[in-house]
Amino acid sequence: MSVTESKAKSTRKASATRADKAGAVALKAALEAVQIEYLPLSALVRSPLNVRTIPYAADSIRELADSIAAVGLLQNLVVHALDDGHFGVAAGGRRLTAMLHLADIGTFSPDQPVAVKRVPDDLAVVASMTENGQRRDMHPAEQIVGFRTLAAEGKTPAQIGDLLGYGPRHVQRMLKLADLAPVILEALASDELTTEHCHALALESDPARQVQVLEAARQKGWNNKPEVRDIRSLITESEVTTDCAKFRFVGEAAFRDGEIRRDLFSADDGGFVDAVLLDTRVLEKLTQAAEDLKTTEGWSWCLARMESVRYHGEDAQVYVLQDEPNPVYSEEEEERLASLQDQYEAFESECDESAALELEIAAMESAGTDRAWTQEMKDATGVVVSWSYGAMTVQRGVLLRDNSEEAEKTPSQVHTYTRQPDPADAVSLPLVTKMSSERTLAVQAALMQQPQKAVAMLVWSLCQKVFVVCSTQSHPLQISLTCSHYSLCDNAPSGKTGVAWRALMAEKNRLEALLPEGWQKDFTTFFTLDGAVLTSLMALCTAFSVNGVQTREHGFTSRSPLNDLETELNFHLRDWWQPQTVTFFGQLSKAQIVDALMDAGLTGAARNAEKMKKGDAAEYAESQMSGNRWVPTWLSAPIAAPAQTDTDSHNPAEAA
């Protein structure tokens, strides 16, 4: 039975037949030149390389033993030499077990000669896999063990496929399953899990995380039975499938190795990608498209954003959308366009020819509309490129209300929206996402270390539900907590090596060890915990709920929600993070590196960096910043104004 085969009977039968034929050829090639020899039964033991790990049924062994006692051994065993002088049976383990049973009951003697063919170690697994692969009762867990053994011997996936008669995709799938945590493979062997469960768990590469996901899925399932859909959901909760319009828009080439979670067991070779990362890549491509349109068509400005500009709301205070001018055509173009439309309308249904006509008509209309925008219009307006209804959308001729004649025509009740520039606006969105994730992890760790304030935040949040929003719920208590620390760790440049992440995980592991047995299924077990442990748990869980990842909308970076919290915690990011070349300076432009050195008061170093190439300047900046506590202004809470005292409130003249 193939672990990765489809449930469709026709597909399974065809796959198994091909594998059986190829396996028989491989076995024949391996054993053809080997002569049969006879060894005493006492010299034979089960081979450690035999992929068969599931015990044989007792009735099956007794039936085979009776057959061997009556007519003898009809097929030789395949063995290889062991270091202790014995010979391991790589193919024929069931026959060996039956003969040992005959020896136990006195039918066979230990010196009973047994026909064998001896092979080297590197062919023993191949022989075992080929023979057992032809047997209907071979368990999927045994297939996985065989593939893992061959890979451990140094054989490449191509070599394994050639030896066993499988295609490269099947080999890749089997080796992926071989990387599952041992406890999961044990559950598969004991039929506690199905191959479908293992396919879903293989989406996660970290064995420890696989076990956590499985346990969480069991808790969610009925009668402690995990559901495949729950496993997939837990692993990919912050991700979206690659079979979506956004991923197709940016393309697989936009992602680095490791950024796509491959699903080898999907029919279309699909996968998953982090939702925030995908939006970042989409915005990067939209930005490039906007810049290209601005350059090629001659607009005054351009903007890329995730949503198209709307006629109402905040957009209406910033932008003015104009109607597109009527297309401008030459006489020849008008005649051609009329002819194309007549031809198109003559078709009663869609076909390749009508589709080609439709594309040509659309191209001519687009060119005519673009021609209608005069250069004078373009000098006063811009182009906005956005993502709308699953595709890139272009809005041309967009006016900014500030400094435009249109602002004078705006009714008095409509106020012009003005926003003070933010230093983060000058930083690329990917770096903002990474560094705000880094900052969030650090704030979480700092909040965890101040339990009283963490509990105060939790209680404040609960009071918002109790005293502000009154609602009747079906349960006596419902508190929602979104824990995003895994995605934060993936986005943060320091990852699992960061001081904040290590502090959070150390406290999590410490507290997990203090939890009472069976707490997952019985909330009353928490009544036995003392106040200190409960407080620490509340602090940790509250800290995990903090989310300060910043986004960019309408071309502006969102304000960090961490500012007030950092002030109250007396928090400084430099206590948790050190700017380095790879994780920070290398992602800035040379001008931004120079500005950073200037901001840190290193004027001389800034002048030196101006004379260097960008890569050298980034490394130089790291060395110069190692001895100070500099953090970019856009990663710091604003400095609070000093509190006014009673003395300050008096008029100085009166005080005199």
Side-chain angles (χ1 to χ4, degrees), residues 250-260 274 276-277 279-296 301-304 385 421-439 441-442 489-499 549-550 552 555-557 572-636:
V250 298
E252 183 175 330
F255 297 89
R256 298 189 297 271
D257 292 341
E259 291 183 338
I260 299 177
D274 182 79
V276 175
L277 178 62
D279 281 349
T280 301
R281 296 289 189 268
V282 169
L283 190 57
E284 289 173 352
K285 187 167 182 177
L286 293 175
T287 301
Q288 185 59 55
E291 292 287 350
D292 292 343
L293 286 172
K294 175 178 179 289
T295 302
T296 57
W301 56 271
C302 66
L303 173 66
V385 179
D422 191 293
D425 295 339
V427 181
S428 68
L429 180 58
L431 185 57
V432 170
T433 301
K434 291 178 180 179
M435 291 311 304
S436 57
S437 298
E438 186 81 49
R439 182 180 179 185
L441 283 173
C489 180
D490 289 341
N491 286 327
S494 65
K496 294 184 179 180
T497 64
V499 178
V549 178
Q550 294 169 266
R552 184 163 291 162
F556 301 124
T557 308
H572 198 295
L573 183 59
R574 189 51 185 270
D575 294 332
W576 303 90
W577 170 77
Q578 167 73 39
Q580 296 176 336
T581 302
V582 176
T583 59
F584 184 72
F585 290 117
Q587 302 187 46
L588 300 179
S589 66
K590 180 180 174 181
Q592 289 173 326
I593 295 174
V594 173
D595 290 342
L597 291 168
M598 291 289 292
D599 184 54
L602 303 176
T603 307
R607 286 197 295 267
N608 294 337
E610 284 182 327
K611 305 172 185 177
M612 301 177 182
K613 294 181 179 180
K614 177 188 171 182
D616 296 335
E619 294 180 356
Y620 179 68
E622 177 184 347
S623 65
Q624 293 297 307
M625 293 290 199
S626 61
N628 58 28
R629 292 178 59 79
W630 176 84
V631 167
T633 55
W634 53 277
L635 287 175
S636 305

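Hydrogens, waters and symmetry mates play no part in the numbers below; they use all other heavy atoms, side chains included. Throughout, numbering of the chain's residues begins at 1 and tracks the sequence.
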Are side-chain heavy atoms of Met435 and Gln587 found at a separation under 4.5 Å? no
Side chains of Leu597 and Arg607, heavy atoms from C-beta outward: is any pair under 4.5 Å? no
Notebook entry, point to check: Does some side-chain heavy atom of Leu588 sit less than 4.5 Å from a side-chain heavy atom of Asp595?
Noted result: no
Q. Between Val276 and Thr433, is any pair of side-chain heavy atoms under 4.5 Å apart?
A. yes
>> Does any part of the side chain of His572, heavy atoms only, come nearer than 4.5 Å to the side chain of Ser636, both counted from C-beta?
In response: no
Note: Glu610 and Lys590 closest approach over all heavy atoms is O-NZ, 2.6 Å
Closest non-hydrogen contact found for Ala618 with Thr581 is O-OG1, 3.5 Å
**Request:** Begin from the C-alpha positions of Met625 and Leu602 and carry the test side chain to side chain contact (heavy atoms under 4.5 Å, CB included) through to its verdict.
**Result:** CA-CA 9 Å; Met625 293 290 199; Leu602 303 176; 4.2 Å; yes
Taken to the nearest 0.5 Å, the spacing of Leu303 CG from Leu286 CG works out to 10.0 Å
TODO: Using the side chain to side chain contact (heavy atoms under 4.5 Å, CB included) rule, take Ile593 and Tyr620 through it: C-alpha gap first, then chi angles, then the decisive distance, then the call.
DONE: CA-CA 10 Å; Ile593 295 174; Tyr620 179 68; over 6 Å; no
Give the ring-plane orientation class for Phe584 versus Trp577, where under 30° counts as parallel, over 60° as perpendicular and anything between as tilted. perpendicular
ask   = Do Trp576 and Leu441 come within less than 4.5 Å of each other through their side chains, counting heavy atoms only?
value = no
